[in-house]
Amino acid sequence: MSVPPETLPAEQARTPRKKWPLIAAGAGAAIVVALVLFFALRGGGGGVNPSSGTPAFSFKLIGTKGVPGVSHADRGAIGAVADNAAKDIHDVLDRMYKLAFLDPSNWKAGKYDNVFGFFDLGASASRAKADVDTLTLGPDAGSTFSDVQPSSGTLSVEVLVDKGGQPVSATASVVFKAKATGNGGAGEIVVSKGQYFMHILEGGWSIFGYSVARDDRPLKATSTPSGASS
Amino acid sequence: MRRRVALALTALTAWMLGAAVGTTPGAPATAAPLLVLKAAHTAQFLPALDGKKPVFILALGSDARPGQNILRERSDSIHIIGVNPAKHAASILGFPRDSFVPIPGHGTNKITSAMSIGGPALTVKTIENLTGIHIDFFLITSFGGLRNMVDSIGGVTVDVPRPMHDSFSGANFNPGVQHFNGTQALAFARDRHDVPGGDLGRSANQGRLLLAALSEFRKDFLKNPSVVLEWMGAGLRNVQTNLPLPMLLKLAFTAQKVDAKKVKNVVVPGRSGTVGSESVVFLNSSSKALYSNMKEDGLIN
């Protein structure tokens, strides 16, 4: 028994064809969102840059050391690998400290979501969020300060190089100082110092551990902070 | 006129004094109230091992000479290191190298020969078969590896329990706390001729060396956590292991929480005997209780 093909009213017949562009657009948007989330969350900072109102700042790299993970390593080659890794880490920490301490669009709002992208997903990022008081200018910075300017920053990097000559892990020791002016006009020196433990992921260097202290000091009347800005 | 001048001078003096007082250090500033400084605070996240499951590592010292494959010579030093991540605690269980034990697929022989017969895989299998403890990872070093490692970390401080003067190993130590370089540490680990119990006493001394290294690591880490990479580099250059790097880092972060003074360093008890012309150690039947004790949580209680 053959069933004659049903004929649909013209409007109904067109409806599925109309949905295709919508479906395609939806799928495209989903892919874009997924890609954005992937690059934002995969660690290594994901290319996040501070806003245009952020004062210039760069750590002064005061030391780089390559630690060979294999005996009879070519010390020169290890040093070159460490130097390259240190440059990348330098860039990552410059951006992170600008976002964490100097970007007014972050500290005035007391929100530092783009800082946590520099940490590994999972435990490291969630712990970093819990340690926001220490790792950033702080959630209440906007109601405390009227201005924050970098004072100085030093960075030293040690890089573990594996038997294949690849950098696999690094420690970055930092001392960062900024002059913060309170809403009432008084000032203080914001001091952040410690170590970041980093490893290299697809998206670049990412922080998987840290041991960082904040030790802010009152600003002395005679102090004239000289910028390490660049 | 004079009165006006006097008033003006008084006003000027008062203003200058006021200004001076206002700028005197320590005086409360009216225009710029002090910021309330937060007390110094720290944040630390060092991803150590977690969970309740203990981790067992088999630490082996090969007697390979330069040029020999350290994975195919006898293991002169054999220790299970049990780590309890939840309790930040550990225990060390040493095996006399001449322990006469079943070697899976190869009859009964000295435990040291398992590695020359079947490498670390057979040694792990032998230990697992003997103790019922699942070994998660192994690491092997050589004489030179131990010496280099100790030198790389700046030496270790050891409390030598009794006089050691042995020409075979080169040990020449008086009792007491002393700092060893790599060569001295190796001699301390190898001496079995003038230590009580011979092979058993030597195994206990090897455990002491592991604990000395742990103490040194904690001390260094406390001063500067960056040393973790130096220590890892020293290890990677001088051991062969199946420990992946991320696990090695987790172990290092776990180790910095373990108090070496609370780590039990036990050698499996046994008695000397002979099999044919070979001198061996027969392990006591009480050792089984030791194994099951350690298996439970990684610790010897």
Side-chain angles (χ1 to χ4, degrees), chain A residues 65-73 119-120 122-124 126-128 130-135 138 140 144-145 156-163 168-173 180-188 191 194-195 197 199 207-221, chain B residues 23-48 50 70 141-142 144-145 147-149 151-153 221-241 243-246 248-250 252-254 256:
Chain A
K65 185 177 181 183
V67 179
V70 63
S71 52
H72 311 301
F119 293 77
D120 272 9
S124 181
S126 62
R127 282 292 300 270
D131 287 327
V132 65
D133 263 327
T134 308
L135 299 175
D140 56 355
T144 312
F145 304 119
S156 57
V157 179
E158 283 194 34
V159 182
L160 180 64
V161 182
D162 71 7
K163 59 184 173 188
V168 285
S169 197
T171 56
S173 301
T181 308
N183 284 324
E188 71 178 53
V191 181
Q195 284 81 30
F197 299 90
H199 57 182
I207 298 167
F208 68 85
Y210 51 85
S211 178
V212 179
R214 275 284 294 283
D215 190 10
D216 297 355
R217 314 269 169 82
L219 184 62
K220 288 176 189 166
Chain B
T23 55
T24 301
T30 50
L34 289 173
L35 281 166
V36 179
L37 282 179
K38 287 182 181 170
H41 46 111
T42 59
Q44 196 173 65
F45 176 62
L46 304 170
D50 52 17
I70 71 165
T141 192
S142 60
R147 193 172 49 229
N148 292 341
M149 253 190 297
D151 284 337
S152 294
I153 58 172
F221 191 90
L222 201 64
K223 274 191 231 160
N224 177 9
S226 295
V227 298
V228 70
L229 285 196
E230 302 274 349
W231 277 72
M232 281 179 59
L236 290 172
R237 290 194 296 274
N238 296 293
V239 300
Q240 301 220 20
T241 181
L243 263 164
L245 195 68
L248 197 55
L249 264 168
K250 284 188 171 189
F253 287 140
T254 306
Q256 58 92 18

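Computed from a predicted structure; not experimentally measured. Lettering follows sequence order; numbering is per chain, from 1. Both backbone and side-chain heavy atoms feed into the values below; hydrogens, waters and symmetry mates do not.
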- Query: Measuring heavy-atom distances to chain B, does Phe208(A) have an atom under 4.5 Å in its side chain, in its backbone, in both, or in neither?
  - Reply: both
- Task: Counting only heavy atoms closer than 4.5 Å, note whether Asp133(A) contacts chain B via side chain, backbone, both or neither.
- Result: both
- Query: According to the interplanar angle, ranging from 0 to 90°, do the rings of Tyr210(A) and Phe45(B) count as parallel (below 30°), tilted (30 to 60°) or perpendicular (above 60°)?
  - Reply: tilted
- Message: Please classify the contact between Gln195(A) and chain B as side chain, backbone, both or neither, with a heavy-atom cut-off of under 4.5 Å.
- Response: side chain
- Message: Can you list everything that forms a side chain to side chain contact (heavy atoms under 4.5 Å, CB included) with Leu160(A)? Sequence neighbours excluded, please.
- Response: Val67(A), Val168(A), Ser169(A), Leu229(B), Met232(B), Leu236(B), Leu245(B)
- Shortest non-hydrogen contact from Gly209(A) toward Ser124(A): N-OG, 4.3 Å
- Message: My understanding is that only residues two or more places apart in sequence, or in another chain, count here; which of them pass side chain to side chain contact (heavy atoms under 4.5 Å, CB included) with Asp140(A)?
- Response: Ser143(A), Thr144(A), Lys38(B)
- Item | Leading residue by heavy atom contact count with chain A [cutoff under 4.5 Å; candidates Pro47(B), Ala43(B), Ala39(B)] | Ala43(B)
- So which part of Lys65(A) gets closer than 4.5 Å to some heavy atom of chain B, the side chain, the backbone, both or neither? side chain
- Nearest non-hydrogen partners of Pro68(A) and Arg237(B), listed with the distance: O-NH1, 2.7 Å
- Message: Is Val212(A) close to chain B through its backbone or its side chain, or both, or neither, when contacts mean heavy atoms under 4.5 Å?
- Response: both
- Below 4.5 Å from any heavy atom of chain A, which atoms of Asn238(B) appear? Answer side chain, backbone, both or neither. neither
- Per-residue contact mode, Arg127(A) against chain B (heavy atom under 4.5 angstrom): side chain
- Where on Ser156(A) is there a heavy atom nearer than 4.5 Å to chain B: the side chain, the backbone, both, or neither? neither
- Query: Do the rings of Phe221(B) and Phe253(B) sit parallel, tilted or perpendicular, given the 30° and 60° boundaries?
  - Reply: perpendicular
- Note on the structure: Output for pair (Arg214(A) CZ, Thr42(B) OG1), nearest 0.5 Å, gives 12.0 Å
- For the candidates Gly233(B), Ala40(B), Pro225(B), which exhibits the highest count of non-hydrogen atom pairs separated by less than 4.5 Å from chain A? Pro225(B)
